2 protein chains.
Amino acid sequence: MRARSTTASDPTVLERLRGAGLRPTRQRLALARLLFARGDRHVTAEALFTEAKQHRVNLSLATVYNALHDFTGKGLLREIVLDSNRSCFDTNTSDHHHFYFERSGRLEDIPAEQVRIAALPQAPDGASVSRVDVIIRVDG
Amino acid sequence: MRARSTTASDPTVLERLRGAGLRPTRQRLALARLLFARGDRHVTAEALFTEAKQHRVNLSLATVYNALHDFTGKGLLREIVLDSNRSCFDTNTSDHHHFYFERSGRLEDIPAEQVRIAALPQAPDGASVSRVDVIIRVDG
DNA sequence: CTTTAGTTTAGAATTGTTCTAATCTACTTG
DNA sequence: CAAGTAGATTAGAACAATTCTAAACTAAAG
Ligand SMILES: [Mn+2]
Ligand SMILES: [Mn+2]
Ligand SMILES: [Zn+2]
Ligand SMILES: [Zn+2]
């Protein structure tokens, strides 16, 4: 990992943070790299913190929480609640749902098209639906 | 509250506990009365504890947690996860879904018939779906 | 540069929940 | 009924996840 190399993938991550109106600090850049480097991910604050340490990124757990919340606030991440006592952040912010493997705690995406909601009771006056979460809990 | 009055509604609650294979202790009876007395409810451990205190029912928070988990284990309640950091128990154990009013934190039932799931990616080999949760998050 | 508003940090504090070990009690048996 | 016992309750300690605090830092603006 040698020092803090400004690799080829950085410009993208940097633009991403700037575009969201977030200062591209060393810590945020490092976390954004870990989060968005490859494909969609579902992470926990603690897991991301551990991963950062493994990559020799020095930051505090508080910063990981700050970043996850800031990213979520700017729409770069989405928070998923599965298990009280542990929140999970999803790098896939498009409309989709989840399989939740209760045994392993793993999450797997389900494309939005595969789920169709037939009808809905009137979302009460002046109330707008902000999101529909479908979580399919699986034993295996 | 004058002693532990065996009111008219007790027999039902008592049978309910016995039927589930749970000893009808004073604390469980009191909590079951609060929970099942009228219509479906969504409660938090802390909220139920507060409610019990208001009704001059003396028990500890640990007992509330124990009871909620025991009841859930026996199928008398169902646990809903909405908000990391707070689990919520539902006295309606039939198949149904929820509106979640993010502002107020209130939950409202949606009958199962009103939601239809079109298709599902193969629930991986040997894995069985234990439950499908649909949570419609509403702003209002 | 200098300034400043936003960010990070360590550690303390809070919150929700679970655990422990002692005490109690509902129910069985005699 | 009178033990006896498995199961339940309890206070308080312990834990784990998360948030807060206030001081030190730093990106970006001037
Ligand atoms: Mn976590
Ligand atoms: Mn917690
Ligand atoms: Zn996802
Ligand atoms: Zn419900």
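All chains are named by letter (A, B, ...) in the order of the sequence lines, taking the proteins before the strands, and each is independently numbered beginning at 1. The model shown is predicted, which means the values in this text are computed figures rather than measured ones.
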Would you mind reading off the distance between [X] atom [atom1] and [N] atom [atom2], rounded to a whole angstrom?
X     : N      : atom1 : atom2 : value
A:F71 : C:dT7  : CZ    : P     : 11 Å
A:D70 : C:dA5  : CG    : P     : 18 Å
B:L14 : C:dC27 : CG    : P     : 8 Å
B:L68 : D:dA8  : CG    : C1'   : 15 Å
A:L22 : D:dT26 : CG    : C1'   : 16 Å
B:E46 : C:dT18 : CD    : P     : 13 Å
B:L17 : D:dT9  : CG    : C1'   : 15 Å
A:N58 : C:dT8  : CG    : P     : 14 Å

Cation-aromatic face contact A:R137/A:Y100, 6.0 Å, 45 degrees: no
Would you check if there is a donor-acceptor pair between the side chains of [Y] and [X] at a distance under 3.5 Å?
X      : Y     : result
A:H98  : A:D90 : yes
A:T63  : A:Q27 : no
A:D109 : A:H42 : yes

Salt bridge or not between [X] and [Y]? Use side-chain N to carboxylate O under 4.0 Å.
X      : Y      : answer
B:E108 : B:R106 : yes
B:E51  : B:R41  : yes
B:R78  : B:D133 : yes
B:D70  : B:R28  : yes

Within the structure provided, determine whether B:L48 and B:L31 are in side-chain contact (heavy-atom separation under 4.5 Å). yes
Could you tell me whether the phosphate oxygens of [N], OP1 or OP2, come under 4.0 Å of any side-chain nitrogen or oxygen in [X]?
X     : N      : result
B:Q27 : D:dT10 : yes
B:R18 : C:dC27 : yes
A:R23 : D:dT26 : no
A:H69 : D:dT19 : yes

Nearest to the side chain of B:R26, which nucleotide is it out of D:dT10, C:dT8, D:dA8? D:dT10
For DNA chain C, the residues among residues 80-89 of chain B that have a non-hydrogen atom under 4.0 Å from it: B:N85, B:R86, B:S87
Within residues 59-67 of chain B, residues whose heavy atoms come under 4.0 Å of DNA chain D: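 Only B:L59, B:S60, B:A62, B:T63, B:N66 qualify.
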